Number of protein chains: 2
Amino acid sequence: MTGLRSSQVADAAGVNLQTLRYYERRGLLAEPERSLGGHRLYPAEAVTVLKVIKAAQRLGFTLDEVAELLDTAGHRHGRRDAGLQERSKAKLAEVEAKIADLQVIASTLRAAVEAGCDDLVACAGRPCCPIPFATIAPGAPDADSR
Amino acid sequence: MTGLRSSQVADAAGVNLQTLRYYERRGLLAEPERSLGGHRLYPAEAVTVLKVIKAAQRLGFTLDEVAELLDTAGHRHGRRDAGLQERSKAKLAEVEAKIADLQVIASTLRAAVEAGCDDLVACAGRPCCPIPFATIAPGAPDADSR
DNA sequence: GGTAAGCCTGTACCCGAGTACCGGATGCAA
DNA sequence: TTGCATCCGGTACTCGGGTACAGGCTTACC
């Protein structure tokens with residue numbers, strides 16, 4: 001009947017205490033056992049799950065996506081509906097697109113630094129400015145989300 | 001006394017009408033002239049400023065940073081306090097760090113796809129999993145902000 | 001049994017960058 | 001002068017991922 005208390009789990013996973021309950025509300029973390037007085041008692045696996053969540057977030061998945069991932073992983077009996085495999089591939093493509101996008105941005109910044117321009121508005125008026133105002137903005141409006 | 005109306009400016013810059021007023025509130029866009037009835041009448045430069053804002057955002061600057069940039073650019077008389085030059089260099093470093101970070105993420109995802117792992121939680125338990133749960137999470141907690 | 005630390009629920013707030021909606025006033029052309 | 005499009009200010013809401021606080025109960029140790 002013993003288990004880890006919430007603060008132990010939070011500390012072990014390097015996560016705020018409130019975050020545990022937030023994840024529970026969001027359905028990412030299963031509701032744990034309770035003590036007689038109502039305190040949460042987590043199994044040791046909870047720490048693993050938290051680490052997995054954090055790693056997945058770091059890999060670019062949103063909490064909703066992580067929830068789905070954990071969900072399909074859990075009761076994957078028979079048919080497999082676009083599991084980790086497919087989603088990882090898709091996410092990889094997203095990340096690669098974002099890298100490409102940031103590389104455009106980096107080279108633009110580099111050009112701006114090298115050209116020595118120092119006043120954006122003044123610069124934008126004349127064609128000597130290396131910053132492609134027209135083309136840079138509509139580039140990838142949602143490549144920035146996530 | 002004539003000038004562009006707000007919707008004309010918004011359309012020309014490819015921006016929502018509300019965004020104009022939002023930028024005005026945030027101090028990014030100077031308060032324009034008004035008609036007798038109180039309608040805003042913008043000079044043509046406003047469109048340029050908006051495009052600059054959008055480009056700068058795209059380059060990774062936050063609206064606060066853009067505001068500062070426009071501010072220092074405006075009344076730069078005598079001393080120059082870390083102008084576009086310095087900030088661009090710093091931002092370039094940030095962007096490069098972010099690219100490096102995303103490359104780690106991409107290669108991790110690639111490894112996960114190649115290893116064919118399909119259940120994060122089960123995988124995390126055994127050492128065959130290519131995902132470095134311990135090291136990936138605390139990698140760069142703020143490289144993700146912006 | 002006392003006391004302090006820890007945990008409970010619920011609610012509200014934070015960040016950044018907008019967007020939406022409301023009732024009322026204005027601009028402009030016919 | 002009438003009518004419709006546009007604009008006004010103000011407020012509230014969105015999204016994603018948490019964080020903070022208040023007031024009260026539980027647990028653990030002495």
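Side chains are part of it too, since the values below use all heavy atoms of this structure and drop only hydrogens, waters and symmetry mates. The chains referred to below are lettered A, B, ... by the order of the sequence lines, with proteins before strands, and numbering in each begins at 1. Just so you know, these numbers come straight off a predicted model, no measurement behind them.
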N or O in side chain of [X] less than 4.0 angstrom from [N] OP1/OP2:
X	N	answer
B/T19	C/dA17	no
B/K54	C/dA17	no
A/N16	D/dG18	no

Working to the nearest 0.5 angstrom, can you tell me the gap between [X] [atom1] and [Y] [atom2]?
X	Y	atom1	atom2	answer
B/L41	B/Q8	CG	CD	9.5 Å
A/L28	A/E68	CG	CD	11.0 Å
B/K98	B/Q103	NZ	CD	13.5 Å

Charged N to carboxylate O below 4.0 Å: is that the case for A/K91 and A/E94?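 Counted as a salt bridge, because a side-chain N and a carboxylate O are separated by less than 4.0 Å.
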Going by an N to O cut-off under 4.0 Å, is there a salt bridge joining B/R58 and A/D101? yes
Heteroatom pairs (N/O) under 3.5 angstrom, protein to nucleotides 3-7 of chain D:
unit_1: D/dC7; atom_1: OP1; unit_2: B/S7; atom_2: N; d: 3.2
unit_1: D/dC7; atom_1: OP1; unit_2: B/S7; atom_2: OG; d: 2.6
unit_1: D/dC7; atom_1: OP2; unit_2: B/S7; atom_2: OG; d: 3.2

Each base of DNA chain D marked ( ) or [ ] if paired in-strand (Watson-Crick or G-U under 3.5 Å), | if paired to another strand and . if unpaired gives ||||||||||||||||||||||||||||||
Which whole-number value in Å describes the distance from [X] [atom1] to [N] [atom2]?
X	N	atom1	atom2	value
B/L20	C/dG18	CG	C1'	12 Å
A/R26	D/dG16	CZ	P	8 Å
A/R34	D/dT26	CZ	P	13 Å
A/L36	C/dC7	CG	P	17 Å
A/L41	D/dT27	CG	P	9 Å
B/Y22	D/dT14	OH	P	17 Å
B/L50	C/dA17	CG	C1'	14 Å
B/R21	C/dC21	CZ	C1'	11 Å

Judged by atom type as modelled, is there a donor-acceptor pair below 3.5 Å linking the side chain of B/T19 to the main-chain atoms of B/Y22?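 Side chain of B/T19 to backbone of B/Y22, a donor-acceptor pair under 3.5 Å: no, none is there.
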Residue pair B/R26 / B/L63: nearest heavy atoms and the distance that separates them: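 In terms of heavy atoms, the two residues are closest at NH2-CB, 3.5 Å.
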A/A106 versus B/V95, closest heavy-atom pair with distance: CB-CG1, 4.0 Å
For A/Y23 and for B/G37, find the nucleotide of DNA chain D with the closest heavy atom, then tell me which residue's nucleotide is more 5'.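 Per heavy-atom nearest nucleotide, the more 5' residue is B/G37.
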Are any of the side-chain heavy atoms of A/Y23 and A/R25 separated by less than 4.5 Å?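 No, too far: nothing below the 4.5 Å cut-off.
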Here's a test of your reading of the structure: between B/Q18 and B/L63, which maps to the more 5' nucleotide of DNA chain C? B/L63
